[in-house]
Amino acid sequence: MPDDDSPATGNAMGEGPRPFGRILRAQLHAAIQVRHYSQRTDWSWIRRFVLFHDKRHPRQLGGREITRFLEHLATEQRVSESTQNQALCALLFLYERVLETPFPQLEDLVRAKRPQKLPTVLSRASVSRVLDAMSGVTRLMASLLYGSGLRLTECCQLRVKDIDFSRREILVRRGKGHKDRVTVLPAQLEDALRDHLAARKVQHQADQSVDAGWVALPNALLRKMPWAANEWPWQWVFAASRYHQDSETGQTRRHHLHPSTLQKAIRAAAISSGLGQRVSAHTLRHSFATHLLESGQDIRTIQELLGHQSVKTTMIYTHVLNRGGLGVRSPLDY
């Protein structure tokens, strides 16, 4: 007799007598929740893997099929090494954590090549041009990316209690690698951030009056402290404009601003300001690190502010200092 998540025949992922795609996705979601992993863990790689092999269940596929799929990504789709590794990790999680079977042995896998790229860094003048071309909430968020070195999702997921005006600090909770860290709150943004939070508090009070002032809480806090989801300290600093109904709790919640909103605003500002460089949200974080190095800040402090596990990662910014190749002055300039 086939397993509950196995197809009786070679049916499609969501069709036929046994729609294993929906079951598989539910199992993946449960495995992620148990381990407190990010819900951004990518289902799309598993779906692409199954579709690549004519909608056969993963239990029917082994190391040869996994190798073919990963080599297809590298040789035909020409994905980067990090993208191929992302797909491999998704499949590894699927087999070992969801299907609870040993991961098949991969032989002679063609690996994608990692390109040696330097980060795009803007000058201080260029950063000012981008920020001046923005307005409202997205300008404040972009200013935090540059002024505090935040990642895109870290900025979007800031909560009110993470802002410490007295110490001029921002506490980043569960950043990359599930690590907390402290970074700087720029003094120039203090007044704008206070005004924004005052407006957010009025919005939250209005939400509470119609029983809509709820937010998602991390891990098991919703069970331990169910009232906290409606309290002001746990609210998102940058909230979405619309409510949504949570399917599990039935609460009417206001999610944080979607990262794509800020990404689009930064791209539009870069284009309107006439810059000839491709500017993303991460470009502002790169510029934060590089400009701190230029001002004489030590590399270890910058490592802590950025949340890098290894100082080797932070050292990449020494290659893009505004001092010529590798940050070295030419002997002709002495």
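Side chains included, hydrogens not; waters and symmetry mates left out as well; all remaining heavy atoms used. For this chain, numbers begin at 1 and follow the sequence in order.
- Without hydrogens or angle criteria, Tyr317 side chain to Phe288 main chain gives no donor-acceptor distance under 3.5 Å.
- Heavy-atom contacts from other residues, nucleotides or ligands closer than 6.0 Å to NZ of Lys201 number 12 or fewer.
- One finds no salt bridge joining Arg174 and Glu154 here, because no Lys/Arg side-chain nitrogen approaches an Asp/Glu carboxylate oxygen to under 4.0 Å.
- In this structure, the side chain of Asp162 engages the main chain of Arg159 through a donor-acceptor pair within 3.5 Å.
- Side chain of Gln245 to backbone of Gly250: a donor-acceptor contact under 3.5 angstrom is found.
- Without hydrogens or angle criteria, His196 side chain to Val237 main chain gives a donor-acceptor distance under 3.5 Å.
- Sorted by first then second residue, the side chain to side chain donor-acceptor pair (under 3.5 Å) pairs that include residues 137-149, not counting sequence neighbours, are Asp132-Arg139, Tyr146-His291.
- Of the possible polar contacts, one joining the His204 side chain to the Asn230 backbone as a donor-acceptor pair under 3.5 Å is found.
- Between Gln235 and Arg254 there is no side-chain heavy-atom pair separated by less than 4.5 Å.
- Atom CZ of Arg173 has more than 12 heavy atoms from other residues, nucleotides or ligands within 6.0 Å.
- Under the side chain to side chain contact (heavy atoms under 4.5 Å, CB included) test applied with Pro58, the options Ile66, Leu99, Thr101 reduce to a single match, Leu99.
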Pairs under 3.5 angstrom only: tabulate donor-acceptor contacts from the side chains of residues 259-269 to other protein residues two or more places apart or in another chain.
from: Ser260; atom 1: OG; to: His258; atom 2: ND1; distance (Å): 2.8
from: Thr261; atom 1: OG1; to: His258; atom 2: O; distance (Å): 3.4

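- Of the candidates His308, Arg300, Glu304, Gln309, Thr314 forms a side-chain hydrogen bond (donor to acceptor under 3.5 Å, both in side chains) with just one, namely His308.
- At least one side-chain heavy atom of Leu73 sits less than 4.5 Å from a side-chain heavy atom of Trp45.
- Proximity of a side-chain donor or acceptor of Glu65 to a complementary backbone N or O of Gly62 within less than 3.5 Å is detected.
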